[in-house]
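Questions regarding the structure given below will be posed in turn.
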Amino acid sequence: MFAMLDVRTIREHPDLVKHAVEVKGIDLDVDALVALEAEVRRLRHEVDNAMGERKRRSKEFGRADEATRERLRAEQAEFDVRLSATKDEHAVRAAELQDLMLQVPGIPWDQAPVGAGEAENVVIKKVGTPPTFDFEPLDHVTLLEERGWAEFARARNVSGERAYALRGDAVLLERAVLSYALDLLVTRSFTPISVPSLVREAALVGTGMFPKGREETYELPADDLFLAGTGEVALVGLHAGEILDKAQLPLLYAGISPCFRREIGSAGRDVRGLVRVHQFEKVEQFVVCEADDAESEKWHQALLDCAEQLLLDLDLAYEVVECSTGDMGLGKFRMNDINTWFPSLESFRETHSCSTLHDWQARRASLRYRDTDGTIKHAHTLNNTAAATPRLLVALIENHQNADRTVTVPPVLRPYLQGREVL
RNA sequence: GGAGGCGUCGCCUAGUCCGGUCUAUGGCGCCCGCCUGCUAAGCGGGUUGAGGGCUACAACCCUCUCGCGAGUUCAAAUCUCGCCGCCUCCGCCA
């Protein structure tokens, strides 16, 4: 049974949910949900009692003689008609409830800026300065093409819009960034893990991607599978349905996987180059920790810090944004985007997104743990990008380009490129 | 793609052929208590999960839960079908 909030919480504190619905701009009738929940509970109770009755009758049948059995069979047939009618109604109403429950938002952080969307996000930190060039800098598409580092036209002939093929040093640089990100996380005790991109629907519902993000997701109907837009889907899915021991927490994963997004909602936007593509590589930070506000806050900061460290190491200017309630999405408690400077866009663009989901996602995926006192609780989950390429690659080559069309390699990446200082 | 085997309450396991006191057996582990200079052993009890009644998140009671779902039946761990997963072999293949 999926549930984003405990039904009890919704039942007993509908105002909390209503408030979340309002600030997140969600179309959901909480009163109707509460009423439906009561109805489902009533029907369930009715079914439970009838099942008990049926059980007793069945036992009586076993002890009865043949004449009595005939009578009991007849009675039971009549009884079953009513029981199955109630059962059917319960099933229908429970399914309706389920649909609504999947739309119940997580309660956002009380200090998150309230607003309808991205416009209300607040920049809370700026680090580094965008580079100034004493020559006319190129945008990444021109630079990549001049250096023979990418195929766009040819790739699009093969695979359609937003397709690309990296070539030569661009491939090596991409590999270097991803390797560096993975290694950075490993030094911080994250377990590197490669996860499937091909996932079942249940995994997408469990993460919270579905039902809302359905049209954003590639579907493979012949196999009842989907292409995940992020490694988070499989990372949550790995432990879905489990009851972990508290001693196993926190789980720290550095997940690596190809990611696929249809970009239906942004058709026509960023169609040039590598900023927004359908297929990309990502190293993802993912944490499962105990259900404690201070603990998940701690990990939120840790995930943010890893991403910031990476950008510092890559010598890129960035800003950290406190995302508004309308921008953060259905399940999130808190979201901080990190926007990195893109010279050709003359602006900061999202390269990382750090989210705390509290137990919202864990409830959906039924990811629980046994606490030291023996009680079973839903864990908290968090995630953040570590490095997503090729978008991050764009920032790297645009920011570090030189007048002679070479690109300076940040020192931390040189060990992954045979020590080369420029490409 | 083909053939076969298997999935029981943390782990292992009895039960499945011949449906009903299975409110699922036993062991290990774990928890509580007793005993005991300490520890171990021994003894007694507890130990799947979900929802509900009641409501103090205690006790007690009810329903569901033997991979998941549906079917047959008065009655399903047990019979039938579908799905999921694991194992073995054959074929094909990075």
Side-chain angles (χ1 to χ4, degrees), chain A residues 1-13 33-98 100-101 104 194-206 220-226 233-234 237-249 258 290-292 359 362-379:
Chain A
M1 182 76 179
F2 296 117
M4 31 307 317
L5 287 175
D6 186 356
V7 276
R8 292 186 79 103
T9 308
I10 300 171
R11 194 192 305 158
E12 287 162 17
H13 307 284
L33 186 150
V34 171
L36 181 58
E37 196 276 330
E39 174 69 0
V40 169
R41 200 149 28 91
R42 186 188 68 76
L43 287 164
R44 173 81 249 172
H45 193 58
E46 206 172 302
V47 171
D48 281 357
N49 288 338
M51 291 292 279
E53 174 66 20
R54 190 188 69 137
K55 211 182 218 179
R56 283 186 291 276
R57 284 165 184 257
S58 185
K59 289 219 196 301
E60 189 185 343
F61 184 95
R63 294 187 298 263
D65 58 41
E66 200 43 55
T68 317
R69 286 185 175 187
E70 267 316 308
R71 180 174 58 76
L72 287 172
R73 245 194 285 271
E75 279 178 19
Q76 189 60 31
E78 196 182 326
F79 184 82
D80 276 349
V81 171
R82 289 198 305 277
L83 174 56
S84 70
T86 311
K87 270 184 169 173
D88 288 349
E89 193 183 352
H90 173 264
V92 170
R93 305 294 276 167
E96 288 172 16
L97 176 63
Q98 182 60 31
L100 291 181
M101 287 298 284
V104 173
S194 71
V195 294
S197 301
L198 231 38
V199 296
R200 290 218 176 93
E201 182 172 5
L204 288 153
V205 176
L220 303 168
D223 300 285
D224 276 328
L225 290 169
F226 298 81
V233 177
L238 283 179
H239 295 288
E242 287 190 37
I243 299 176
L244 301 163
D245 197 273
K246 190 181 173 186
Q248 295 174 257
L249 302 179
E290 63 180 287
D292 177 82
D359 62 0
R363 279 185 191 283
R364 286 202 166 216
S366 193
L367 203 174
R368 295 168 294 171
Y369 68 97
R370 199 179 303 276
D371 209 341
T372 33
D373 64 1
T375 58
I376 289 168
K377 292 174 177 163
H378 291 276

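Below, each value reflects all heavy atoms present in this structure, side chains not excepted, and no hydrogens, waters or symmetry copies. In what follows, chains are A, B, ... by sequence order, proteins preceding strands, each numbered from 1.
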> Which nucleotide in the set rA50(B), rA75(B), rU63(B) lies at the smallest distance from any side-chain heavy atom of Asp48(A)?
Replying inline: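 Side chain of Asp48(A) sits closest to rU63(B).
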
>> Whole angstroms only, please: what is the CG-P distance between Asp223(A) and rG1(B)?
In response: 10 Å

> Paired with rU73(B): which nucleotide, if any, by Watson-Crick or G-U wobble criteria at under 3.5 Å for both distances?
Replying inline: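 Checking every strand shown, rU73(B) finds no partner, since no pair has both distances under 3.5 Å.
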
> Using the P atom in both, what is the distance from rG27(B) to rG5(B), to the nearest Å?
Replying inline: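 Per the computed distance, 32 Å lies between those P atoms.
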
>> Among Glu89(A), His90(A), His45(A), which residue satisfies the side-chain contact (heavy atoms from CB on, under 4.5 Å) criterion with Val40(A)?
In response: His90(A)

> Where the side chain of Arg200(A) is defined as all heavy atoms beyond and including C-beta, which of rU63(B), rU23(B), rG85(B) is the nearest nucleotide?
Replying inline: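 The answer is rG85(B).
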
>> Could you tell me how far apart Phe61(A) (CZ) and rC74(B) (P) are, to the nearest whole angstrom?
In response: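 Computing the Phe61(A):CZ to rC74(B):P distance gives 7 Å.
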
> When all nucleic acid strands are considered with a 4.0 Å heavy-atom cut-off, which category describes Arg71(A): base, sugar-phosphate, or nothing?
Replying inline: nothing

>> Can you check the distance between rU88(B) and rU80(B), where both ends of the measurement are the P atom (answer in whole Å)?
In response: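 26 Å, rounded to whole Å.
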
> How many Å lie between CZ on Arg8(A) and C1' on rA56(B), as a whole number?
Replying inline: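 The answer, rounded to whole Å, is 12 Å.
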
>> Say we look at rA76(B) and rC17(B): how far apart would their P atoms be, to the nearest angstrom?
In response: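 Roughly 14 Å separates the two P atoms.
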
> Can you find a donor-acceptor pair, distance only, under 3.5 Å between Asp245(A) side chain and rG10(B) base?
Replying inline: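 Under the 3.5 Å cut-off, the side chain and the base do not form any donor-acceptor pair.
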
>> Please name the nucleotide paired to rG1(B) by Watson-Crick or G-U wobble geometry with both distances under 3.5 Å, or report none.
In response: rC90(B)

> Looking at the side chain of Arg44(A), which of rC62(B), rG49(B), rU63(B) is the nearest nucleotide?
Replying inline: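 Per side-chain heavy atoms of Arg44(A), the pick is rU63(B).
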
> Which nucleotide, in any strand shown, forms a Watson-Crick or G-U wobble pair with rG19(B), with both distances under 3.5 Å?
Replying inline: none

>> Rounding to an integer number of Å, can you tell me how far Lys87(A) NZ sits from rC64(B) P?
In response: 8 Å

> Should rA14(B) form a Watson-Crick or G-U wobble pair with both distances under 3.5 Å, which nucleotide is its partner?
Replying inline: none

> Expressed in angstrom and rounded to an integer, what is the separation of His45(A) atom NE2 from rU63(B) atom C1'?
Replying inline: 10 Å

> Of Glu37(A) and Gln76(A), whose closest RNA chain B nucleotide lies nearer the 5' terminus?
Replying inline: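 So the residue in question is Glu37(A).
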
> Taking OP1 and OP2 of rG49(B), is either one under 4.0 Å from a side-chain nitrogen or oxygen of Arg368(A)?
Replying inline: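 For rG49(B), OP1/OP2 do not have a side-chain N/O of Arg368(A) under 4.0 Å.
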
> Mind checking the P distance from rC66(B) to rG71(B)? Whole angstroms is fine.
Replying inline: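 Straight-line distance between the two P atoms is 15 Å.
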
> When the nearest nucleotide of RNA chain B is assigned to Arg54(A) and to Val47(A) on a heavy-atom basis, which residue is associated with the more 5' position?
Replying inline: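 Result of the comparison: Val47(A).
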
>> Partner lookup for rA56(B), please. Criteria are Watson-Crick or G-U wobble with both distances under 3.5 angstrom; report none if nothing qualifies.
In response: none

> In Å, rounded to the nearest 0.5 Å, how long is the span from CZ of Arg57(A) to CD of Glu75(A)?
Replying inline: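 If I round to the nearest 0.5 Å, the distance is 5.5 Å.
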
>> Under a 3.5 Å cut-off for both contacts, is rA40(B) paired Watson-Crick or G-U wobble with anything, and if yes, with which nucleotide?
In response: none

>> Partner lookup for rG82(B), please. Criteria are Watson-Crick or G-U wobble with both distances under 3.5 angstrom; report none if nothing qualifies.
In response: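 In the structure as shown, rG82(B) has rC68(B) as its Watson-Crick or wobble partner.
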
> When the distance from CD of Glu201(A) to P of rC84(B) is rounded to whole Å, what number comes out?
Replying inline: 14 Å

> In whole Å, what separates the P atom of rC90(B) from that of rG15(B)?
Replying inline: 32 Å

>> With no hydrogens and no angle check, just 3.5 Å: does a side-chain donor-acceptor pair link Gln76(A) and Asp80(A)?
In response: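 Per modelled atom types, Gln76(A) and Asp80(A) side chains form a pair under 3.5 Å.
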
>> Between rA56(B) and rU39(B), how far apart are the two C1' atoms, rounded to whole Å?
In response: 40 Å

> Would a 4.5 Å heavy-atom cut-off, applied to side chains only, mark Glu201(A) and Asp224(A) as touching?
Replying inline: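 They are not in contact (no side-chain heavy atoms under 4.5 Å apart), so the answer is no.
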
>> Counting only side-chain nitrogens and oxygens, does Lys55(A) get under 4.0 Å of the OP1 or OP2 atom of rC64(B)?
In response: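 For Lys55(A), the contact criterion (side-chain N or O under 4.0 Å from OP1 or OP2 of rC64(B)) is met.
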
>> Show, in sequence, the C-alpha distance, side-chain angles and deciding distance for Ile10(A) and Glu37(A), and conclude whether the side-chain contact (heavy atoms from CB on, under 4.5 Å) test is met.
In response: CA-CA 10 Å; Ile10(A) 300 171; Glu37(A) 196 276 330; over 6 Å; no

> rG82(B) P sits how many Å from Asp224(A) CG, rounded?
Replying inline: 17 Å

>> When the P atoms of rG91(B) and rG82(B) are compared, how many Å lie between them, rounded to an integer?
In response: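 Looking at atom P only, rG82(B) and rG91(B) are 27 Å apart.
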
>> Rounding to an integer number of angstrom, what distance separates rU25(B) and rG20(B) when you compare their P atoms?
In response: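 15 Å, rounded to whole Å.
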
> Rounded to the Å, how far apart are Glu12(A) CD and rC57(B) C1'?
Replying inline: 11 Å

>> Pairing check on rG51(B): which nucleotide meets the Watson-Crick or G-U wobble criteria with it, both distances under 3.5 Å?
In response: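 Matched rG51(B) with rC62(B) under the 3.5 Å cut-off.
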
>> If you define the side chain from C-beta out and look only at heavy atoms, does anything of Val233(A) sit under 4.5 Å from Val195(A)?
In response: no

> Where do Leu198(A) and Asp223(A) land on the side-chain contact (heavy atoms from CB on, under 4.5 Å) test, with the steps shown first?
Replying inline: CA-CA 10 Å; Leu198(A) 231 38; Asp223(A) 300 285; over 6 Å; no

> What nucleic acid atoms does Arg41(A) come within less than 4.0 Å of, heavy atoms only: base, sugar-phosphate, or nothing?
Replying inline: sugar-phosphate

> Between Arg11(A) and rG52(B), does any side-chain N or O lie under 4.0 Å from OP1 or OP2?
Replying inline: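 It does, given that an N or O in the side chain of Arg11(A) lies less than 4.0 Å from OP1 or OP2 of rG52(B).
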
>> Strictly distance-based, threshold 3.5 Å: is any side-chain N or O of Asp373(A) a donor or acceptor partner for the main-chain N or O of Thr375(A)?
In response: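 Pair found, side chain donor or acceptor close to backbone of Thr375(A).
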
> Which nucleotide, rC74(B), rU63(B), rU23(B), lies nearest any side-chain atom of Asp80(A)?
Replying inline: rC74(B)

>> Any base atoms under 4.0 Å from Arg370(A), or only sugar-phosphate, or nothing? Heavy atoms, all strands.
In response: sugar-phosphate

